[in-house]
Amino acid sequence: MVNINFLYIDFLLLGFIQKKVFIDILTDLINLSLGTNCIPDAWMNLTHTDLQNLASAFTVKSELTDWRRFLLAAAQPWPVPSVTQLLKTLHSLKSVDAAGSGFVTQEYYMQIGLWFNGNEDLSITKSCTEPLPSDRLRHLIKFFFSLFADTRKDPALLNYTEMLLYFASHSDPVEGVYRALSIATGTYINRKEEASLPCVAFPHSNIVPNEKTLIEDEKEVLNWTGEEIISVATLLKVFHTGGSKDKDNHRFSNLEKEDSYDKDFIKIYKELGSDDLTPIPVALLLKHPFIQDLINSYQEYKLPDIKIFLQRSEQAQSTDGKNTTCKDINLNSATTH
């Protein structure tokens with residue numbers, strides 16, 4: 001499913017596309033793949049309703065679908081990072097970003113790598129029933145760069161914090177928000193005061209946590225904790241509204257402005273005693289009722305399990321008989337012309 005990326009070439013710099021366009025692209029992809037074996041049978045048997053439900057799972061606004069998050073989910077299985085692994089990757093990438101620009105080239109990206117190097121054994125996944133190519137993870141490392149890099153630059157540049165915020169996504173969206181806050185601040189932020197170990201279990205990914213990783217995380221939590229403070233700008237990175245960073249240069253600009261939290265955050269900082277909007281302690285911010293409600297309702301850090309949609313579709317067809325799939329619609333259309 002990774003090859004879907006090339007169909008989004010016109011939308012690479014936006015990150016979001018209209019839900020209808022997203023569904024149309026998936027439908028066309030299924031139809032164009034008939035007889036080519038480019039797509040697994042499970043995808044070929046999806047109905048139009050299945051595609052609508054799938055698109056809704058990755059739609060963070062009323063009509064905008066986050067296609068990067070979809071591709072991240074479609075690319076599974078890949079080794080799921082713990083919070084400390086994300087923080088180690090963040091600080092490693094920062095170490096080669098001498099100018100502090102927030103960007104790195106592909107050369108530096110490949111030099112640093114991620115929390116995996118491509119040699120991991122994905123047979124540890126609970127439901128990995130099909131053999132995977134031995135070089136799959138190495139290709140995924142390169143793919144993740146192309147997925148998140150700004151190709152307008154020469155050479156292409158990767159906003160590594162933005163990329164890692166995507167990898168903060170979790171089956172539990174609240175946990176995902178806390179992971180994102182840790183990345184944005186560069187320190188480990190506990191979801192609860194009594195918590196002492198980052199959550200590394202991802203039910204949706206079927207990854208079994210490695211005992212050695214758990215022990216290493218427990219030892220390294222103290223390396224990433226401290227008196228965390230957070231600015232309004234950093235908070236907006238976590239609770240972003242997506243899309244292009246350029247002002248008023250695309251058709252989604254007005255919608256993004258309507259959904260922006262900047263005025264709310266400014267008001268909160270002043271209520272908490274920061275009249276000049278200087279950074280405040282994270283612990284203080286997390287006690288504010290508006291922030292608590294926002295964390296509990298925010299869905300952009302939920303990574304849906306695509307396999308669930310495929311299984312539901314298969315079960316529905318076996319229970320209700322032959323449903324009309326996108327493949328059938330295309331074949332019927334071809335015979336009538």
Side-chain angles (χ1 to χ4, degrees), residues 66 68-69 71-73 75-97 100 102-104 108-118 120 122 124 137 140-145 147-149 158-192 195-205 207-226 228-230 234-235 237-240 282 286 295 298 300-303:
D66 187 340
R68 284 194 178 101
R69 195 155 54 103
L71 287 176
L72 203 60
Q76 289 184 324
W78 35 261
V80 175
S82 66
V83 177
T84 53
Q85 286 175 322
L86 288 170
L87 288 172
K88 288 169 68 175
T89 303
L90 172 67
H91 288 281
S92 294
L93 289 168
K94 280 186 175 181
S95 70
V96 296
D97 178 19
F103 295 86
V104 293
Y108 281 121
Y109 167 83
M110 296 302 296
Q111 174 183 322
I112 295 298
L114 298 175
W115 49 93
F116 61 97
N117 56 28
E120 288 76 7
L122 285 179
I124 62 172
L137 288 180
L140 274 179
I141 292 175
K142 295 180 180 179
F143 167 70
F144 289 147
F145 180 88
L147 179 61
F148 296 105
L158 172 71
N159 184 326
Y160 48 85
T161 300
E162 183 177 282
M163 177 192 71
L164 293 175
L165 285 173
Y166 268 91
F167 281 106
S169 298
H170 194 277
S171 56
D172 174 6
V174 175
E175 184 67 31
V177 170
Y178 278 90
R179 286 162 61 91
L181 286 168
S182 296
I183 294 168
T185 59
T187 57
Y188 175 64
I189 296 177
N190 287 320
R191 181 171 177 174
K192 296 179 181 179
S196 61
L197 182 65
C199 179
V200 297
F202 274 58
H204 71 279
S205 66
I207 297 290
V208 179
N210 182 284
E211 183 176 354
K212 180 181 178 181
T213 301
L214 290 174
I215 295 174
E216 290 175 351
D217 280 340
E218 189 172 16
K219 291 180 178 179
E220 292 186 22
V221 164
L222 293 178
N223 294 337
W224 308 113
T225 56
E228 304 93 349
I229 60 174
I230 189 168
T234 299
L235 195 59
K237 287 182 180 179
V238 175
F239 298 103
H240 59 82
V282 174
L286 294 179
I295 290 175
Y298 204 70
E300 289 196 35
Y301 291 105
K302 180 176 181 178
L303 190 64

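It should be emphasised that the depicted structure is a prediction, and the values quoted were computed from it without experimental measurement.
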Exercise. Which residues pass the side chain to side chain donor-acceptor pair (under 3.5 Å) test with Ser92, sequence neighbours left out?
Worked result: none
Problem set entry | Audit row: Phe167, Phe148, side-chain contact (heavy atoms from CB on, under 4.5 Å) steps and yes/no | CA-CA 11 Å; Phe167 281 106; Phe148 296 105; 4.1 Å; yes
For this session: Report the residues that fulfil side chain to side chain donor-acceptor pair (under 3.5 Å) with Tyr108, sequence neighbours left out, ordered by chain and then residue number.
Result: none
Problem set entry | Value rounded to 0.5 Å, distance of CD1 in Ile112 from OG1 in Thr89 | 9.5 Å
Exercise. So do the side chains of Tyr166 and Phe144 get within less than 4.5 Å of each other, counting heavy atoms only?
Worked result: no
Exercise. Can you list the steps and then say if Tyr178 with Val83 is a side-chain contact (heavy atoms from CB on, under 4.5 Å)?
Worked result: CA-CA 9 Å; Tyr178 278 90; Val83 177; over 6 Å; no
For this session: Quick one: closest heavy-atom pair of Leu303 and Ala73, and the distance?
Result: CD1-CB, 3.9 Å
For this session: Could you pull out all residues at least two apart from Tyr160 that satisfy ring pair (Phe, Tyr, Trp, His ring centres under 6.0 Å)?
Result: none
For this session: Starting from the C-alpha separation in whole Å, work towards a yes-or-no answer on side-chain contact (heavy atoms from CB on, under 4.5 Å) for Phe239 and Val177.
Result: CA-CA 9 Å; Phe239 298 103; Val177 170; 3.8 Å; yes
Exercise. Which heavy-atom pair separates Arg69 from Glu300 by the least distance, and what is that distance?
Worked result: CD-O, 3.8 Å
Exercise. What residues form a side-chain contact (heavy atoms from CB on, under 4.5 Å) with Ala180, not counting sequence neighbours?
Worked result: Leu165, Ala168, Val238, Tyr301
Exercise. Does the side-chain contact (heavy atoms from CB on, under 4.5 Å) test come out yes or no for Met163 and Val104, once each step is laid out?
Worked result: CA-CA 11 Å; Met163 177 192 71; Val104 293; over 6 Å; no
For this session: Applying side-chain contact (heavy atoms from CB on, under 4.5 Å), name anything that partners Phe103, two or more places apart in sequence or on another chain.
Result: Ser101, Leu157, Asn159
Exercise. About how many Å separate OG1 of Thr234 and CD of Glu228, when rounded to the nearest 0.5 Å?
Worked result: 13.0 Å
For this session: Using the test side chain to side chain donor-acceptor pair (under 3.5 Å), find all partners of Thr185 that sit at least two apart in sequence or belong to another chain.
Result: Thr187
